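Only a predicted model underlies this, so the values are computations on that prediction, with no experimental measurement involved.
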Amino acid sequence: MSKFKTIRVRFAPSPTGYLHVGGLRTALYNFLFARKHGGVFILRIEDTDRTRYVNDAVDNLIETLRWAGLDYDEGPEKGGTLGPYVQSQRLEIYKQHVDRLLNTRTAYRCFCTPDRLEMMRKEQEARHISPKYDRNCLSLSQQEIQENARKGIPCVVRMKIPDSLTIRFHDVIRDDVEFSSEMLDDQVLMKSDGYPTYHLANVVDDHLMQISHVIRGEEWLSSTPKHVLLYQFFGWELPEFAHLPLLLNPDRSKLSKRQGDVAVEDYRAKGYLKEALVNFVAMLGWNPGTEQEYFSLEELIQQFSLERVNKAGAIFNIEKLNWLNAEHLRRKPDEELLRMLKEALAQSNFKNAKHDDEYLLKVIFAMRERVSFVNDFIEKGSYFFEPPNEYDQEVVRKRWKAETPSQLKQLAEEFSKLTSPTKQDYEAALQNTADVFHVGNGTLIHAVRLAVSGVGGGPGVYDILFILGKDESLKRMHTAIERLT
RNA sequence: GGCGCUAUCGUCUAACGGUUGAGGACGCGGCCCUCUCAAGGCCGAAAUACGGGUUCGAUUCCCGUUAGCGCUACCA
């Protein structure tokens with residue numbers, strides 16, 4: 001599919017504070033594509049806007065990518081032969097390339113002040129024509145340019161868009177796309193502070209870093225013709241382009257804060273598993289063509305293809321993420337769940353409670369099918385870590401009758417006779433007691449459950465009793481008899 | 001406003017002109033299982049934006065309309 005020998009792709013975020021879930025998906029698709037084809041996945045930091053620089057953003061980005069399991073082959077902190085991989089460290093390279101453009105007259109210096117530009121735009125807007133630089137500085141003579149430079153007037157470098165040219169390029173996802181050069185502005189390539197704009201830096205770097213496929217968000221589609229022109233100006237071969245559909249808010253606007261969490265770290269903090277988040281964003285805009293929904297990273301790598309990426313934007317649907325999280329969580333081996341539960345416990349209200357692994361493993365066994373998040377073990381199964389401090393009133397109304405206290409007293413009596421009871425022992429004892437009172441065992445089951453857990457749902461009652469142990473169970477039964485009578 | 005991209009159940013999506021009275025998943029409702037809650041199983045409601053073409057035949061190809069989104073910065 002490609003004229004390039006090795007697949008080389010890059011994820012090129014701008015460090016503005018955190019990794020956006022849309023960014024995570026872009027990174028993921030790049031990663032999957034590279035791994036699938038034995039290619040190279042590069043991380044490049046696009047920090048050419050000094051006004052938006054955020055401290056620690058790069059570290060944060062790298063840490064989040066690492067958390068998600070998307071290891072890059074070349075990039076900051078990792079190195080590579082075609083670095084540096086941080087654009088602010090490549091200023092000299094951009095300058096050289098801008099000079100090339102200047103020499104071939106495919107770019108020119110512009111000394112217009114921001115004020116003049118602003119006024120020009122206002123006027124154009126008033127006249128209902130699309131805002132475009134009026135090329136005021138294109139006609140400057142060599143002398144005038146030198147004069148201005150000598151006076152120290154700040155200047156930018158603009159690319160000179162050819163007139164009436166149709167620019168066509170191929171996109172793996174959208175096929176052929178074409179734009180008229182008439183619509184293009186003489187884009188600033190080099191800012192007055194000596195930093196390149198995205199357009200220049202991205203083309204220069206993609207070429208120098210031998211990027212074979214530019215896989216990025218759809219918001220770049222409209223500026224791609226400028227990039228194509230730049231490749232032509234430099235006489236470089238075009239990479240393949242693949243513009244990914246956007247991630248949307250529930251109201252179909254572009255995914256943003258305000259309408260929920262957009263930072264990967266938010267989801268991480270909320271207890272979502274990286275496996276679930278990765279699986280989920282992978283399915284937002286891509287599918288394998290089969291009915292498989294649950295994927296490990298390894299399976300995604302095997303099955304991923306750019307050709308099966310959709311064109312239309314996708315809403316970030318939290319319900320499905322929750323479901324996938326539960327799926328991934330419940331399939332985890334005991335040991336891993338144990339490790340995660342201990343970690344969660346350490347940060348919970350029960351951090352001082354002592355429970356050995358054997359006990360926690362029993363809780364995991366009992367709760368496994370009932371949790372979507374690790375914290376659910378603690379929240380939905382709080383009674384495994386402390387006695388109920390209140391009883392669900394609705395359940396009390398339904399399950400706790402006038403005769404219940406005396407029945408439970410008798411049941412407690414039976415339980416206390418048992419030595420190291422198994423689940424079966426509890427069951428037999430309860431059955432016997434139910435027979436004595438001529439009631440169905442359900443009557444006692446629900447009452448005991450309420451007494452020991454405070455709630456109406458959960459694992460089988462014999463499991464709960466067994467996990468809690470005889471002494472604790474009896475204690476709770478007596479407490480309930482007292483408090484609910 | 002201009003340019004571009006997009007358009008199948010509420011949501012994510014399948015279908016690459018015909019075996020489609022449009023399939024799956026999440027969510028929702030019902031039933032089964034059952035000591036409860038889950039999990040699981042079964043069933044159900046739910047979609048091709050609209051209008052023209054092309055074709056023996058359009059979800060699928062073309063055009064238009066509408067809608068949504070993106071871009072339109074010395075931001076990326």
Establish, yes or no, whether a centroid distance under 6.0 Å links the rings of [X] and [Y].
{"X": "A/H328", "Y": "A/F280", "value": "no"}
{"X": "A/F304", "Y": "A/W286", "value": "yes"}
{"X": "A/W220", "Y": "A/Y198", "value": "yes"}
{"X": "A/Y426", "Y": "A/F415", "value": "yes"}

[M] and [N], which share atom name [atom1], separated by this distance in whole Å:
{"N": "B/C9", "M": "B/U20", "atom1": "C1'", "answer": "15 Å"}
{"N": "B/G21", "M": "B/U59", "atom1": "P", "answer": "11 Å"}
{"N": "B/A15", "M": "B/C75", "atom1": "P", "answer": "42 Å"}
{"N": "B/U8", "M": "B/G4", "atom1": "C1'", "answer": "23 Å"}
{"N": "B/G18", "M": "B/G27", "atom1": "C1'", "answer": "34 Å"}
{"N": "B/U6", "M": "B/G10", "atom1": "P", "answer": "23 Å"}
{"N": "B/G24", "M": "B/G41", "atom1": "P", "answer": "14 Å"}
{"N": "B/C42", "M": "B/U48", "atom1": "P", "answer": "27 Å"}

* What closest approach, in Å, do A/L418 and A/A429 show between heavy atoms, and which atom pair accounts for it? -> CD1-CB, 4.2 Å
* To do: Quick one: closest heavy-atom pair of A/L61 and A/P15, and the distance?
  =>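 Closest pair (atom of A/L61, atom of A/P15, distance): CD2-CA, 4.5 Å.
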* Just say parallel, tilted or perpendicular for the rings of A/H227 and A/H199, cut-offs at 30° and 60°. => tilted
* To do: Check A/R216, A/E218, A/R174 against A/H243 for a side chain to side chain donor-acceptor pair (under 3.5 Å) and give me the one that passes.
  => A/R216
Tell which nucleotide pairs with [N], taking only Watson-Crick or G-U wobble pairs whose two distances are both under 3.5 angstrom.
{"N": "B/U36", "answer": "none"}
{"N": "B/A25", "answer": "B/U11"}
{"N": "B/C42", "answer": "B/G30"}
{"N": "B/G68", "answer": "B/C5"}
{"N": "B/C56", "answer": "B/G18"}

Nucleotide [N], atom [atom2] - distance to [atom1] of [X] in whole Å:
{"X": "A/N249", "N": "B/G68", "atom1": "CG", "atom2": "P", "answer": "15 Å"}
{"X": "A/W323", "N": "B/U13", "atom1": "CH2", "atom2": "P", "answer": "15 Å"}
{"X": "A/E125", "N": "B/G1", "atom1": "CD", "atom2": "C1'", "answer": "9 Å"}
{"X": "A/R370", "N": "B/C37", "atom1": "CZ", "atom2": "P", "answer": "11 Å"}
{"X": "A/E182", "N": "B/G4", "atom1": "CD", "atom2": "P", "answer": "13 Å"}
{"X": "A/L255", "N": "B/C12", "atom1": "CG", "atom2": "P", "answer": "12 Å"}
{"X": "A/H243", "N": "B/G4", "atom1": "NE2", "atom2": "P", "answer": "16 Å"}
{"X": "A/E327", "N": "B/C26", "atom1": "CD", "atom2": "C1'", "answer": "11 Å"}

* Asked: Is any side-chain N or O of A/N287 closer than 4.0 Å to OP1 or OP2 of B/A14?
  -> yes
* **Any A/R308 side-chain nitrogen or oxygen under 4.0 Å from OP1 or OP2 of B/A15** => yes
* Would you say the side chain of A/R449 and the base of B/C35 hold a donor-acceptor pair, judged only by whether the two atoms sit under 3.5 Å apart? -> yes
* **Donor-acceptor pair under 3.5 Å, A/R174 side chain vs B/C5 base** => no
Could you check whether [X] gets within reach of a base, just the sugar-phosphate, or nothing at all, counting any heavy atom under 4.0 Å?
{"X": "A/G440", "value": "nothing"}
{"X": "A/N322", "value": "nothing"}
{"X": "A/E293", "value": "base"}

* **The single option from A/L248, A/I315, A/V262 passing side-chain contact (heavy atoms from CB on, under 4.5 Å) against A/L255** => A/V262
* Given that A/N310 and A/Y462 both sit by RNA chain B, which one's nearest nucleotide is further toward the 5' end? ->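 The residue closer to the strand's 5' end, by nearest nucleotide, is A/N310.
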* To do: For nucleotides 70-76 of chain B, just jot down a letter per nucleotide in 5' to 3' order: B, S or -, based on protein non-hydrogen atoms under 4.0 Å.
  => BSSSBBB
